[in-house]
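To start, the structure under review is shown below, and the notes come after it.
The chains referred to below are lettered A, B, ... by the order of the sequence lines, with proteins before strands, and numbering in each begins at 1. Predicted model, so just to flag it, every value in this text is computed and none were measured.
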Amino acid sequence: MTEMTYAQAARLGLKEELERDPTVWALGEDLGFEGGMAGQYKDLQAEYGADRIVDTPISEATIMGAAIGAALAGTRPIAELRFSDFAMCAVDELVNQAAKARYMFGGQARVPMVARMPIGIRGGIAAQHSQSPEAWYAHVPGLVVVTPATPSDNRGLLKAAIRCDDPVVYMEHKGLWGSVGEVNENDVEPLTLGKARIVKEGSDLTIVTWAGMVSVVEKAAITLSEEGVSTEVIDLRTLWPWDREAVFSSVIKTGRMMVVHEAVQVGGFGGEISSEVTEHLFDNLKGPVKRMGGARIPIPFSIPLEESYMISQEQVIAKARSFF
Amino acid sequence: MTEMTYAQAARLGLKEELERDPTVWALGEDLGFEGGMAGQYKDLQAEYGADRIVDTPISEATIMGAAIGAALAGTRPIAELRFSDFAMCAVDELVNQAAKARYMFGGQARVPMVARMPIGIRGGIAAQHSQSPEAWYAHVPGLVVVTPATPSDNRGLLKAAIRCDDPVVYMEHKGLWGSVGEVNENDVEPLTLGKARIVKEGSDLTIVTWAGMVSVVEKAAITLSEEGVSTEVIDLRTLWPWDREAVFSSVIKTGRMMVVHEAVQVGGFGGEISSEVTEHLFDNLKGPVKRMGGARIPIPFSIPLEESYMISQEQVIAKARSFF
Amino acid sequence: MAQDQANEPERVFNMYKKMLLIRAFEEAAGENFHAGNVRGSVHQYIGEEAIAVGICANLRKEDLLTSYHRGHGHSIAKGADPRAMMLELFGRVGGTSGGKGGSMHIADFSVGMLGANGVIADGCTISVGAAQAIKLLKQDKIVVNFIGDGGINRGPFMEALNWAKIYNLPVLFVCENNQIAATTTTKTVTAGEGIAARAESYGIPAITIDGNDLLLVDNTSARIIDEIRSGSGPQLIQAMTYRLRGHFAHDKALYRIPGEAEAALEFEPVRRTESWLITQGISEEELANARDEAEQTISQYVVDAHAAPWPDIADAFTDVQDVGAPQVGVNS
Amino acid sequence: MAQDQANEPERVFNMYKKMLLIRAFEEAAGENFHAGNVRGSVHQYIGEEAIAVGICANLRKEDLLTSYHRGHGHSIAKGADPRAMMLELFGRVGGTSGGKGGSMHIADFSVGMLGANGVIADGCTISVGAAQAIKLLKQDKIVVNFIGDGGINRGPFMEALNWAKIYNLPVLFVCENNQIAATTTTKTVTAGEGIAARAESYGIPAITIDGNDLLLVDNTSARIIDEIRSGSGPQLIQAMTYRLRGHFAHDKALYRIPGEAEAALEFEPVRRTESWLITQGISEEELANARDEAEQTISQYVVDAHAAPWPDIADAFTDVQDVGAPQVGVNS
Ligand SMILES: Cc1ncc(C[n+]2csc(CCOP(=O)(O)OP(=O)(O)O)c2C)c(N)n1
Ligand SMILES: Cc1ncc(C[n+]2csc(CCOP(=O)(O)OP(=O)(O)O)c2C)c(N)n1
Ligand SMILES: [Mg+2]
Ligand SMILES: [Mg+2]
């Protein structure tokens, strides 16, 4: 086991795939010298050449569109969009082309690409650099949506995303770049997309979460468990497909569920999970499924305001207590 | 009362606003000669001039961006995108600029514009011309989302959208263009955004719906009521804000709720309403809130496949019966 | 008509037959749209056939092509099977996309035809990416991207021009300038001298030619495609033409200046090619036979399309995705 | 330095003072970013001041301006209050956006400054729309849009050029070409001759000037802005310059060729303007006084910013929207 950051682990996973498969390549702004926003591409251009780690002009629509064309033509591109906010400049390409090509063409084509677009808040970068639009893409047929929460997952899920024959929206959380965790370098297998991770077991309450909220919820769950509310924490890892089985078995056990995400609550993906659990496990529920998400406001710049947007451990604990 | 189509009623509402306020104008492709996809702009260019009904190049990003700039500079533009599918070429402008300008600038600015982008299926126009992405925009702070279902509403809500000081995503349903209804030409007042319409009263079951599904659900409800399930139908009219009060009072009365929409069910806005009702009215519920939405597939072209995507009256009835 | 050593009568006669096939296909598509057999939207290529045929005559099977909403002609010219295309328009099993795509999403990957497109200019960015893949895979292929004169005003096309040039990609952009976009005269919404000047401002060689002159299209593209194969980087051809019909099959084109479409008939490519063929000793009868053959071929495909089965409802749920694929009935 | 009848020493001295204020503001912004007082992202305009100042000297208060991520200089030059701007960078009450926007969203609508922008090139389409509103309202105003040399490769900018020309809008596009975009030398990702050639392909007159020559910027924009006010339609100025610092305050710019930034100091606009002022009889002492004054003014604003209160949590919930506005605490 090696300690490394979330960014380093992503770099490792990418490097392994670049090594394994000569058709894997990446394109985006400032991948070469800068090595990506968090060093997740560091030195890879020097090693694999400017044709495989491609510095592009500021042309998001074409970064995405070119990735689609390159995927249709037999390669496995990773389109790096830097921020999911900028990826909004390429929603048409992603949703109207990448997601639908296989279907519209009756199965003649595959679009094995990764659209990499970090989400989330990180220290005052404000309304246009902090969004978490994962719910949008989970709503789009044809797309897979991945939201890694740990260094190890960021290696294993990225590898899985690169090997996937479907277009994968890969959403790292910007606040996690520097977080540290154990990575088993010897285990080179990708993770399986669609399998959740049970972060902590418990029997009284299930909390489903992903991305940046996992560590917050985990800490809250430890406190809750110490105080007598045995709390199970599930990190979904992928929103589409989401691991129905893991969530359902947990709720059957606990009878209580809460979904927590950083994204705006209104219209967030928590609503999907809440609704499915309610509709299918109503008789198992000892109380209503509850949701915690962001307020329906743009992300404010000023630090106290930004902090007030974020869901804290205390708020999770308080909401969890309201079940009892 | 005058009988007119949904398209004609929209044209009437727009004409009334053009007449009332010289700062109201519209921009988009083929508004002049064609008069819009369904004649909703017919002859207005001849009457109000090419500076107020502006034919644009095929430049969706700029149609949206220019509308934002024009709104910031003191006018009330209507950005016509023809299809919500094409509006995806301008998501960045809508979400990163229009929705956030007022907030990012601390209230210095308003963006009184309408982003008009019809949704829905209409006879074989396939995957890139049939989407219903209303859930996306309801998830975006700063935006208002309107989905008119009748000719009368399409006049009154469009007028309200034009007069609104917030950016409004206005989503007519393409399948409704030719539908006919009564419009009271003497009542020139706009409707109030955020107020639902009780389409039919009932006491056993509440069905919440909007846009193209309203008439389907209404017919199903009539049958259901005749067969002893007194069904209340609520047309939300606006998804943000949605009329919590109308929905909650109905569910308190009936104890059962179903949400029906044409959009893909996974991640659709039905999840929001279902979750809110569950969380806040759990003790009033006689059974789980249920959802009906589209399958998570791109819209197929072939007519039998397309039809199979759409929710039928019979399916609504069958699902409603499963409550009892 | 332009003339050149490459203008072998036999070659031209073969191209002429392709044009006839396209014309017959488009007439049938329109008729069947009006009859309610073909649903959705049908954009006919009638009057513009020389461009697709002249250019594709210089492509190899493995070369790639992307198109836009008016894509039937490009598909047939590139070698897609018009029978499967007709079945697709009818939404039937055996269609190019098994009935799931329809007219705006005609594609035949087996001949490098990567798809028509319902979103204007999206084929442009896809093309440059495909060309990047070709370079990465060290393949000996080129990509041709067709776009309309209305489409040139979308930003992604401009981005794609820049992109193609900086990476020196083997892409030929072909702007089919029929002078109109739906109901809008493109001159009124296009600043400056148009697409050739724009391309040149990116350092992309651009030429404007009469796109209704089959031999000229053939000869020009032969030269340019050769250059691109030899590493010239991207180039652009603006082919002037005229849309003889409405924007789509249900458009009567009442916005035309009266007499304009009639006058344009004189310059339309099928007749012009016929005149040239006659100067080369091809008889009227041979031409009439070719026309009959094309029409009969297509008529038979229409018969086949009527007879072909509708897809199964279950087919709606396939070809979506591997991971997280939808299940039949799960949402209803 | 270029010289012209308009080059009144007093006018230039005033512009010089504006440049000093910007420079001092940017130095303070950087220092306070490093000290952790300013969060998020800070893009300094150091070395490029002559462009904003020279152009805005020819604007009226009611003229409109849109900017991009490097927007402090444009704001100060257009007349925004640097004290309110500093408070904004600190995220405090009294900031231009009450602390809700920060550096990338500096705006002062009271002086026509419609906002910096965190998304590259989005200011371009906003500008042409603002100009359309001006025409519709029959106002006597123009719009200036600033954009970087990296930004010119985004499609919406190209769309906006076309748009501005076809509607003959009163817009001045100013491309501040500092030859770099973050860590990327823009020449390597920009095809052709660059933005001036592109603008001309849309029929938009374009001129490339030394953007570090304050008098040249002033004189050139005086003439061009005058033409735009008289109905010339859109024009473009490409102002060559050099970014003396990293891309943002935490970028050490290690990708520079060694010595490049040092060599560039010789051409930086503040010193060059000083040299010119000295030839006009302004004393070294007067210059030193002006520098001190600018620094002291900004230092005081930093003190003020430290002292200013933080916004109330409730402020996070205001200014979102009228219809469907969020309620404090509703989601937590
Ligand atoms: C992004 C986008 N905007 C608008 C449309 C609607 N539309 C379809 S065809 C068309 C006109 C296209 O004109 P042109 O590019 O000249 O091609 P032509 O139809 O003349 O062959 C328009 C506006 C679309 N399909 N996609
Ligand atoms: C649409 C978009 N893509 C990428 C970015 C990230 N980004 C911020 S500044 C920058 C470089 C901009 O270069 P240039 O336009 O030359 O302006 P400069 O920073 O040199 O002033 C990039 C890529 C962004 N903000 N928006
Ligand atoms: Mg055209
Ligand atoms: Mg730059």
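- For residues 45-69 of chain B, every residue pair satisfying the salt bridge (charged side-chain N to carboxylate O under 4.0 Å, His left out) rule, not counting sequence neighbours, is listed here: B:Lys15-B:Glu47, B:Glu60-C:Arg154.
- Listed by chain and number, the residues in a side-chain hydrogen bond (donor to acceptor under 3.5 Å, both in side chains) with C:Arg39 amount to none (sequence neighbours excluded).
- Between B:Ile58 and C:Gly151 the shortest heavy-atom distance is CD1-N, 4.2 Å.
- Using a 4.5 Å cut-off between heavy atoms, C:Leu254 contacts chain B through both its backbone and its side chain.
- Contact detail for C:Gly91 and B:Ser302: the closest heavy-atom pair is O-OG, 2.5 Å.
- Listed in order of number, the residues of residues 171-179 of chain B that approach chain C to under 4.5 Å between heavy atoms amount to none.
- Atom CZ of C:Phe157 and atom OG of B:Ser59 lie 12.5 Å apart (nearest 0.5 Å).
- Both the backbone and the side chain of C:Ile313 come within contact range of chain B, with heavy atoms under 4.5 Å apart.
- Proximity to chain B (any heavy atom under 4.5 Å) is shown, for C:His247, by neither the backbone nor the side chain.
- At a 4.5 Å heavy-atom cutoff, the contact between B:Pro304 and chain C is made by backbone and side-chain atoms alike.
- Side-chain polar atoms of C:Gln321 and B:Arg296 form a donor-acceptor pair below 3.5 angstrom.
- Within the 4.5 angstrom heavy-atom criterion, no atom of B:Ser130 approaches chain C.
- A side-chain donor-acceptor contact under 3.5 Å links B:Asp30 and C:Thr184.
- With contacts defined as side-chain heavy-atom distances shorter than 4.5 Å, the pair C:Thr190/B:Pro57 does not qualify.
- Remark: B:Ile299 CD1 to C:Lys100 NZ distance equals 13.0 Å, nearest 0.5 Å.
- With rounding to the nearest 0.5 angstrom, the CZ atom of B:Phe301 is 7.5 Å from the OG atom of C:Ser103.
- The side-chain hydrogen bond (donor to acceptor under 3.5 Å, both in side chains) check on B:Gln128 picks up A:Gln97, C:Asn117, with sequence neighbours excluded.
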